[in-house]
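What follows is a short report on a single structure.
Throughout, a chain's letter reflects where its sequence line sits, starting with A, and its residues are numbered from 1. Everything numeric in this text was worked out from a predicted model, so none of it was measured.
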Number of protein chains: 2
Amino acid sequence: MLKDDTIAVPQKCDDCPIRHRAVCARCEPEELAQLEQIKYYRKFEAGQTVIWAGDRMDFVGSVVTGIASLTQTMEDGRTQMVGLLLPSDFVGRPGRDGTVYDVVATTDLVMCCFRKKPFENMMEATPHVAHRLLEMTLDELDAAREWMLVLGRKTAREKIASLLSIVARRDATLRKTGMVGRLVFDLPLTREAMADYLGLTLETVSRQISALKRDGVIELEGKRHVTVPDFARLMEEAGDDSDGGMLV
Amino acid sequence: MLKDDTIAVPQKCDDCPIRHRAVCARCEPEELAQLEQIKYYRKFEAGQTVIWAGDRMDFVGSVVTGIASLTQTMEDGRTQMVGLLLPSDFVGRPGRDGTVYDVVATTDLVMCCFRKKPFENMMEATPHVAHRLLEMTLDELDAAREWMLVLGRKTAREKIASLLSIVARRDATLRKTGMVGRLVFDLPLTREAMADYLGLTLETVSRQISALKRDGVIELEGKRHVTVPDFARLMEEAGDDSDGGMLV
DNA sequence: GTTCGCGCTTGACCTAGGTCAAAGATATCC
DNA sequence: GGATATCTTTGACCTAGGTCAAGCGCGAAC
């Protein structure tokens, strides 16, 4: 059951996102205790594949630290990232046997997992967990559809700006300050990963980032540390109508 | 409550997809009776908007006949279809107030609706309905992600072939015969709608359809009646790895 | 320190698909 | 039956982004 990549449960479960966000917002203490019992942690290194498309998946869980991605690949090697899993995002499909896409650790990754069967049993027993899960799935669906607009209709520049604004929005250190004015964050993706997510080549990603820098939309320190002097400007560059993406 | 576009309940509810597919596969008779009471039908003409993005949505339901689409539009008019709703597909988000995209009748459309509040109540009471809904949402999510690969990485020709194979697969008259050899079906979308779904222009759609015809992958009679002499060939043209799209 | 390797940038060039424009097909309405 | 409108096809041309190739940091290994 417990694989060798299983690691000790961290000091206190407060860093377990399941408790805050993903599933348990309204769990009773005894329900939490129950979850506690079927819970374990797994660690992956950047580049490692968590599960291959088509494989049986015997757990569900959520990202604690690092980034995972859902990836689809065609025979000829073209690949498209179809989901970006940031800390607190949920992985797995209760009631389903496997995935249809690869789950890959894009950075070093720690996941909090629950063995699937007991988790499903618990779900049956506690309707609000099932309810929460439906909500989360609807959120993911909204995010996926939002991304379809990005992939289908936005220019390369708009795509980059869209990605930057999503990452900025999700950056834990920023969420409290509100999304206005100057923002600073780390970009946790390689140019290639960005390209795979945006349906571009890495050369185009690089060129567009340079262009955004040249035009003062962003500032770069090294390759990864980003400063956005004016978030509203970035949103404009993303071509974001309405509040698009605020759902994520 | 009942709008003027509400129409009489058809002869027998067997044509109501809710009963067969969407929600009620395992409903008890009294539960069905309950659903029956909160059910009504609505009719829309091609081009009519069912709900605007951001609007309050006071019902859920499913498509009985015709095609609806979920559409996102940017301020400058670029639009991307993010979902194609064929007969028996479910519309609406239990537990949510509205949509973030327009729902548009792409052809003349009949929908079977349930007022949302009573439907949600029923959902609370009958866990297997909630469970079914989660499954459906996961299916939609898979379909959306599948489509992200199409939008992000496929060529125009592959996109067209992908769309054709989805429509063929979903065509009610064909599902029984198995998806091999010669298929004949009607294409219920204008070139423009296809373009919006595929992230192309209508000119490119037209050109690629002509090309597929020229190359013998499809035959056309009029603009809409399609014959696929060899479905496997079409799948190949779609660049479909594995069983991609079989989920839909 | 030097070397290796990987991620990134930049340039030169090319092509798939977009844009603009004209005209053929159907269907609908008097 | 002709007029009008909508949908579609096709052509000529253009450009955003892909492809190929060279080189630049910069950290890790020795």
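When the C1' atom of D:dT9 is taken as reference, atom CD of B:Q208 falls 13 Å away, rounded to whole Å. A:D196 places its CG atom 17 Å from the P atom of D:dG17, with the value rounded to the nearest Å. Per the geometry, CZ belonging to B:R153 stands 16 Å off C1' belonging to C:dG17, to the nearest Å. Summarising the geometry, the separation between NZ on B:K154 and P on D:dG17 is reported as 22 Å, rounded to the nearest angstrom. Rounded to an integer number of Å, the gap from A:L198 CG to D:dA16 P is 18 Å. Rounding to whole angstrom units, CD of residue B:E203 and P of D:dT8 are separated by 12 Å. B:Q80 places its CD atom 12 Å from the P atom of C:dG18, with the value rounded to the nearest Å. Summarising the geometry, the separation between CD on A:E221 and C1' on C:dC8 is reported as 17 Å, rounded to the nearest angstrom.
Across all strands shown, B:R224 has heavy atoms under 4.0 Å from sugar-phosphate atoms exclusively, and none from any base. A:G199 comes within contact range of the sugar-phosphate backbone alone, with a heavy-atom separation under 4.0 Å but no base atom that close. A:L202 comes within 4.0 angstrom of no nucleic acid atom, judged by non-hydrogen atoms across all strands. B:L200 comes within 4.0 angstrom of the backbone, heavy atoms only, and of no base.
The base of D:dT10 lies outside donor-acceptor range of the side chain of B:R214, with no N or O pair under 3.5 Å. Counting atom types as modelled, B:R157 pairs no side-chain N or O with a base atom of C:dG17 as donor and acceptor under 3.5 Å.
The residue from B:E237, B:K154, B:Q208 that alone fulfils the side chain to side chain contact (heavy atoms under 4.5 Å, CB included) condition with B:I160 is B:Q208.
Comparing D:dT19, C:dT9, C:dG18 against the side chain of A:S210 picks out C:dT9 as the nearest. You'll find that the side chain of A:T155 is closest to D:dG17, out of C:dC20, D:dG17, D:dT8.
In this model, a donor atom of one side chain and an acceptor atom of the other lie less than 3.5 Å apart for B:D196 and B:T79. Under the 3.5 Å distance criterion, with hydrogens and angles disregarded, a donor-acceptor pair is assigned to the side chains of B:S69 and B:T106.
Here A:R153 contributes atom CZ and A:K159 contributes atom NZ; the two are 11.5 Å apart, rounded to the nearest 0.5 Å.
Mapping A:A156 and A:G222 onto DNA chain D via the closest heavy atom, the residue that lands nearer the 5' end is A:A156.
In this structure, B:R207 does not reach the C:dG17 phosphate: none of its side-chain N or O atoms is under 4.0 Å from OP1 or OP2. Close to D:dC7, at under 4.0 Å from its OP1 or OP2, lies no side-chain N or O of B:T190. One finds a side-chain N or O of B:S206 lying less than 4.0 angstrom from the OP1 or OP2 phosphate oxygen of D:dT9. Note on B:T201: every side-chain N or O is 4.0 Å or more away from OP1 and OP2 of C:dT19.
Ring planes of B:W147 and B:Y197: parallel class, angle under 30° (limits at 30 and 60°).
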